[in-house]
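Right, one structure below, let's go through it.
The chains referred to below are lettered A, B, ... by the order of the sequence lines, with proteins before strands, and numbering in each begins at 1.
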Amino acid sequence: MTRQILPTRIDRHGPVYQANREAMLEQLKLLDKLLAEARAAGGEKYVKRHHERGKLLARERIELLLDRDAYFLELSPLTAAGTEYPIGGSVVTGVGVVSGVECVILANDPTVRGGSVNPFSGKRITRAIEICRTNRLPLLFLVESGGADLPKQAEIFVPGGALFRDLTQLSAAGIPTIALVFGNSTAGGAYNPAMCDYAVLVKERAKVFLGGPPLVKMATGEESNDEELGGAEMHARISGLADELAVDELDALRLGRRIVADLNWSKLGPRPKPCFAEPRYDAEDLLGLAPADLKIPVDMREILARIFDGSEFDEFKPLYGTSLITGWASIHGFPVGVLANAQGVLFSEESQKATQFIQLANQRDLPLLFIQNVTGYMVGKKYEQGGIIKHGAMMINAVSNSKVPHITLQIGASYGAGNYGMCGRAYNPRFLFAWPNAKTAVMGPQQLAGVMSLVSRAAAAAAGRPFDEQADAFQRAYVENQIEQESLAVFNSARVYDDGIIDPRDTRTVLALALSASHSNEVRGARHFGVFRM
Amino acid sequence: MNKILIANRGEIARRVIRTCREMGIPTVAVFADPDRHAPFVAEADEAVPLGGATPGESYLQIEKILAAAARSHADAIHPGYGFLSENAEFARQCAAAGLTFLGPPAAAIAAMGSKIEAKRLMRDSGVPVLPSIEIPEKPSANLLQEIERLGWPVLIKASAGGGGRGMRIVRDAAAWTENLAAAQRESLAGFGSAAVFVEPYVEAPRHIEFQIFGDQHGKVIHLFERECSIQRRYQKIVEESPSTALDDALRAAMGAAAVRAGEAIGYVGAGTVEFLLTPDKTFYFLEVNTRLQVEHPVTECITGLDLVRLQIEVAQGASLADTAANLQRRGHAIEVRLYAEDPRREFMPATGRLERFQMPTLPGLRVDAGVVSGSEVTPYYDAMLAKFIVHAPTRDEAARRLARGLAASQIHGLRTNRDLLVRILEHPEFLAGDTDTHFLERNPPAELGAPTADAAAERLHAAAAALAAQAERRAGALVAQHVPSGWRNNLSQLQSARFSGEQGTIDVRYAFHRDRLELHVNGEELTGARVAAAQSGEVRLEVAGLARTYSVHRVGQSFFVDSPLGSSELKELDRFPLADAAAEAGSLVAPLPGLVDQIKVAVGDPVAAGDTLIVIESMKMLHSVSAPLAGTVSEIRVSLKSHVEAGAVLAVIEEAAAD
């Protein structure tokens with residue numbers, strides 16, 4: 001099969017390319033800084049103390065657990081960036097390869113406030129488990145946590161219980177769950193290993209009990225110590241909570257690898273084609289293509305040419321609804337259907353084309369890749385009367401009821417209902433990644449401020465009040481700035497609205513990994529959709 | 001001659017097969033059990049199992065070999081060297097069975113079999129010999145006075161011996177009695193006879209030998225000399241021709257003496273007359289080896305003759321007249337013997353699997369090997385793996401090419417003397433022609449035998465091994481095989497591999513960044529590291545502007561790395577070491593496989609660190625195992641004469657409590 005080869009016409013010396021590249025390099029510097037902050041965990045003092053206790057850091061544990069030289073795609077690394085909580089959310093989550101099996105790894109970071117869980121940790125953990133469930137990835141849970149961040153218990157206690165439900169539901173869905181307990185896992189946390197299929201406890205380190213000695217003393221007057229209540233030896237020999245007793249951390253990681261090796265695991269999705277070509281054009285150009293100013297249009301095909309195998313792409317309906325590109329390509333041998341915004345706006349034609357294309361992908365059991373640079377559905381009399389809502393609804397119907405894996409990439413604007421139609425976070429893509437320049441909001445900051453100004457101007461006129469132009473200008477600037485800040489990729493990433501911000505040059509790798517992971521589950525399209533309003 | 005049975009094994013059996021094939025003569029191999037899968041067995045047209053393992057059970061069993069000849073309808077026997085090659089009884093029985101023995105007449109073997117008799121015969125034939133004294137089994141009281149007349153130091157030799165076994169240098173009267181007893185014991189154990197003799201010991205002599213050939217028509221010729229001065233433990237390891245010590249006149253004189261020696265015993269076939277050459281160029285007869293020598297290829301190179309073919313032709317009655325008439329000497333040939341042994345541990349033999357045996361193709365390089373990649377080297381026979389021979393126009397070029405050829409060979413899985421040989425060939429003394437039998441006393445084998453790859457090279461080799469292993473793992477990845485190696489979107493630490501090598505633990509860390517390779521070895525970053533290509537078997541790595549190709553061969557946890565910097569064997573350390581893997585402190589471990597020869601202590605005995613507790617016999621040598629620490633013997637796990645594997649725990653010492 002030979003697909004059509006996408007041509008390239010970029011001007012590497014042009015002002016737009018240069019400006020985009022410079023802006024992107026700046027944004028990547030900021031990204032690096034934030035990632036470094038996330039890696040620094042609880043800071044030098046706590047890292048040192050942890051090491052002195054002969055313990056490994058969360059990331060060190062993960063590195064030892066992983067197959068050597070295999071990948072690790074950290075998920076949500078910028079969780080809680082810019083909030084009152086430490087960046088990362090006191091956990092590390094990601095997809096990696098253990099004993100040849102793609103797994104989700106979820107590790108408490110005990111150097112960050114003892115690994116205690118805050119509301120942002122909750123978001124990150126929930127997302128990781130969702131990725132386990134939707135993609136059928138075994139879960140390795142590296143436990144060492146002081147439990148809920150008590151001052152924040154009100155925000156954690158009620159929703160936090162979902163973790164135990166999720167763990168056992170994974171198990172019920174046939175997705176293996178493996179807990180390696182390195183330290184504290186007490187009170188509610190005691191259910192973490194208990195709800196997993198396998199539990200490995202580290203000798204003299206793991207501590208798993210509902211109530212510690214003081215609480216027991218308070219409750220019943222009984223004298224007890226940690227080891228009697230929840231030591232690894234006790235759980236391995238007496239309670240049976242531990243399936244394996246690890247002599248030390250390394251041994252626990254070794255046992256974790258062994259358990260995965262013995263899972264008899266196979267992926268349900270089809271294997272990728274073994275032979276494929278790399279793109280014909282340099283991924284480095286993506287830095288110059290990523291739009292720094294979202295008002296300036298981007299040649300989406302130039303981007304596609306740097307992502308797909310052999311820069312090959314067979315377009316579907318190239319002459320109809322041209323603001324949205326649809327077609328077939330492959331990434332690392334995984335065939336995909338692609339929807340990518342050519343211009344920002346979606347019209348009725350684009351919506352209908354997308355709906356048809358999504359149905360085709362479902363008929364053929366092909367995963368879908370959404371590449372967003374979308375400003376929304378077209379407004380205006382002509383378009384409303386032409387049924388833009390109806391057609392947008394068809395597209396949303398198709399996206400919502402599609403059953404093939406969806407992977408979403410945000411490379412620029414993601415505004416309005418366009419975010420929904422192009423499989424934004426609320427539409428449960430298996431994975432969603434953003435470039436550092438991406439922006440997500442109900443609409444563009446200028447438009448939103450402008451709309452608010454028009455509304456208040458109309459309200460003043462209706463009430464017969466004089467309109468304060470100066471206050472309006474101030475208000476517009478304020479709102480515009482606020483929306484701008486809230487639309488930034490880092491802001492969204494901090495709230496786990498994406499699975500991470502990526503370097504544009506890594507796009508192909510990240511998409512390949514996401515596709516590979518999603519093929520752990522079966523790839524089978526929907527045969528039924530909601531009623532399409534015709 | 002319709003079919004030749006080769007009563008030998010290893011490289012010489014293959015050597016004989018090669019010529020027989022050329023001559024269109026079918027061959028029969030005989031083999032002991034450990035040699036069942038040896039190359040010579042496969043290469044012979046037919047093979048007969050002898051059963052047994054030790055030479056005594058197999059290759060020395062005259063009856064079994066004659067039965068093998070009868071079964072395979074062989075009509076001639078080539079004895080090779082060693083084993084039965086100089087056994088007059090065997091030659092006689094071959095004749096009696098109607099088999100052509102490809103060697104000298106039994107009488108000639110018998111005459112030369114006793115060194116004492118041989119010397120007497122030679123003296124009578126006008127061949128210069130050193131004075132010597134035979135030692136009767138019950139020495140007389142005034143023996144020591146007689147010995148003193150020879151002048152110290154003296155050399156005790158086994159009358160029936162060879163290869164240095166039973167040889168002892170005695171420097172003064174005080175050491176006499178003890179050394180005599182030891183020599184007699186070794187002689188009895190090695191050759192079945194306690195008969196020894198004593199001669200003056202010549203300091204710094206050269207070992208010069210002449211290849212002779214006799215035909216059935218009474219003609220004996222010589223095919224020039226071989227110098228074999230460089231020896232370890234009286235075993236030749238470097239042989240060459242011509243000798244740098246001989247001029248034409250001396251060559252003629254010694255050659256004539258060699259021919260005279262051959263004529264004196266009515267020699268037929270291939271033989272070697274060995275001489276000792278003193279620094280003032282006086283030569284003395286040492287002995288005649290009535291067989292084809294290990295080092296015969298040197299003579300073949302410079303004369304262009306095939307000595308095995310000549311043996312067969314002479315046995316068929318051919319005359320040597322034409323050979324003599326056309327005899328010429330051309331260029332220079334050097335042979336070295338590659339042994340499976342550790343020159344740094346007193347040449348302790350190495351046994352096990354030869355994981356790879358591969359040499360470069362070089363003009364003029366000939367390798368006569370008994371082994372191939374995958375061969376098992378057992379403790380039952382001589383540890384020689386192969387002979388590397390180079391023939392070149394000049395000695396310098398021969399030495400250089402041979403050194404390169406050896407260095408570029410891939411010899412994996414067993415310790416060998418390869419690096420020792422390379423260093424000898426590159427040694428200024430050797431290149432200057434200053435060779436004598438004390439070369440390895442002046443130049444300690446422990447130093448010459450150290451790996452040519454130094455600490456810096458070993459670090460690079462570890463880096464190459466890590467990168468090759470990485471490539472192998474990537475190629476075998478079951479998922480996401482084509483994403484960049486070790487890809488991270490939030491890199492927190494480098495990939496790591498730890499090896500144990502000559503310099504201890506080597507820690508390699510690396511990461512493939514978008515545009516460069518980050519590579520650290522033992523905490524030090526190698527600047528400007530670049531990988532042009534990395535596969536499981538080969539890594540092309542550039543460091544500091546210098547690119548080299550490293551060949552990497554992994555066998556389990558072991559990595560064999562060969563590069564222009566030398567060769568290293570590195571063992572990768574487990575990422576998850578098991579806690580109880582370390583041996584109990586105070587354990588005595590067998591250094592090599594062998595038989596328990598002596599147990600010098602009993603359970604409960606107090607011992608001091610360094611005391612010899614157990615002696616293991618392996619490869620005809622005795623190896624002492626001594627106490628690693630002071631304490632009490634708490635356990636002995638072996639019994640006398642039991643077979644032990646390398647690494648087996650022999651005994652356990654309970655450490656003495658510190659007072």
Side-chain angles (χ1 to χ4, degrees), chain A residues 32 35-36 38-39 41 57-60 62-64 66-75 77-78 92 94-97 99-102 247-248 250-251 253-255 257-258 267 271-272 274 276 278 283-284 332-333 433 500-503 505-506 508-510 512-513 515-517 519-520, chain B residues 463-499 507-519 531 534-536 539 552 554 557 559 572-582:
Chain A
D32 276 350
L35 288 173
R39 288 195 301 273
L57 299 176
R59 283 190 165 75
E60 290 169 340
I62 291 172
E63 289 290 340
L64 279 162
L66 292 169
D67 286 358
R68 299 166 73 187
D69 306 298
Y71 76 88
F72 182 64
L73 173 62
E74 185 171 338
L75 298 166
L78 300 187
V92 181
V95 182
V97 186
S99 301
V101 177
E102 283 157 303
V247 297
D248 54 20
L250 280 181
D251 196 34
L253 294 162
R254 183 183 67 83
L255 288 165
R257 290 181 53 78
R258 198 187 73 185
K267 297 172 77 167
R271 292 179 150 274
F276 58 83
E278 287 295 311
E284 191 72 23
H332 280 229
F433 296 98
I501 298 172
I502 60 167
D503 186 318
R505 293 168 293 188
D506 286 336
R508 181 173 154 81
T509 297
V510 171
L513 296 179
L515 282 165
S516 180
H519 281 66
S520 290
Chain B
L467 294 169
Q470 170 274 140
E472 189 180 347
R473 283 190 292 269
R474 288 314 299 152
L478 297 173
V479 294
Q481 197 196 100
H482 301 286
V483 299
S485 180
W487 186 86
R488 298 288 183 274
N489 57 332
N490 188 11
L491 179 72
S492 65
Q493 59 192 87
L494 305 179
Q495 296 288 329
S496 97
R498 286 165 65 237
F499 300 92
D507 181 66
V508 182
R509 282 163 198 268
Y510 58 91
F512 290 92
H513 297 297
R514 197 184 312 283
D515 50 356
R516 69 186 186 95
L517 165 69
E518 184 179 354
L519 183 60
V531 177
Q535 294 158 11
S536 60
V539 171
V552 181
R554 183 181 69 81
Q557 306 265 87
F559 287 79
E572 180 160 26
L573 302 175
D574 210 316
R575 278 215 293 176
F576 303 103
L578 291 175
D580 54 358

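Annotation: maximal heavy-atom pairing with chain B below 4.5 Å, among A70(A), G94(A), G100(A), occurs at A70(A). When the candidates R575(B), Q481(B), Q493(B) are compared by the number of heavy-atom contacts under 4.5 Å with chain A, R575(B) comes out ahead. Put simply, of G476(B), S485(B), S492(B), A511(B), the one with the most heavy-atom pairs under 4.5 Å next to chain A is S492(B).
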Evaluation steps, side-chain contact (heavy atoms from CB on, under 4.5 Å), between V483(B) and L513(A): CA-CA 8 Å; V483(B) 299; L513(A) 296 179; 3.6 Å; yes

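Considering CD of E278(A) and NE2 of H482(B), their distance stands at 9.0 Å, rounded to 0.5 Å.
In this structure, the side-chain contact (heavy atoms from CB on, under 4.5 Å) partners of Q495(B), at least two apart in sequence or on a different chain, are E63(A), R68(A), D69(A), R488(B), Y510(B). The salt bridge (Lys or Arg N to Asp or Glu O under 4.0 Å) search around D251(A) returns R254(A), not counting sequence neighbours.
What you find for F576(B) and L250(A) is that their closest heavy atoms are CD2-O, 3.3 Å. Minimum interatomic distance between V479(B) and E102(A) (heavy atoms only, all atoms of both residues): CG1-OE1, 3.5 Å. In terms of heavy atoms, P77(A) sits closest to N490(B) at CB-ND2, 4.1 Å.
For a residue to count as touching a neighbouring chain, one of its non-hydrogen atoms must lie under 4.5 Å from one of that chain's; by this rule R505(A) touches chain B with backbone and side chain alike. Contacts between L66(A) and chain B at a heavy-atom distance below 4.5 Å involve backbone atoms as well as side-chain atoms. Neither the backbone nor the side chain of P272(A) comes within less than 4.5 Å of any heavy atom in chain B. In this structure, the portions of A497(B) lying under 4.5 Å from any heavy atom of chain A include both its backbone and its side chain. Contacts between L64(A) and chain B at a heavy-atom distance below 4.5 Å involve backbone atoms as well as side-chain atoms. With a 4.5 angstrom heavy-atom cutoff, L57(A) does not touch chain B via any of its atoms. In this structure, no portion of D32(A) lies under 4.5 Å from any heavy atom of chain B. Residue contact with chain A, scored on non-hydrogen atoms closer than 4.5 Å, involves the backbone and the side chain of A480(B) alike. Interface remark: L35(A) contributes backbone and side-chain atoms alike to the contact with chain B (heavy atom separation under 4.5 Å). Looking at R474(B), the atoms closer than 4.5 Å to chain A (heavy atoms on both sides) all sit in the side chain, from C-beta outward.
In the displayed structure, R498(B) atom CZ is contacted under 6.0 Å by at most 12 heavy atoms of other residues, nucleotides or ligands. More than 12 heavy atoms of other shown residues, nucleotides or ligands fall within 6.0 angstrom of atom CZ in R516(B).
D506(A) places a side-chain heavy atom less than 4.5 Å from the side chain of R514(B). W487(B) has its side chain within reach of L73(A): a pair of non-hydrogen atoms, C-beta onward, lies under 4.5 Å apart.
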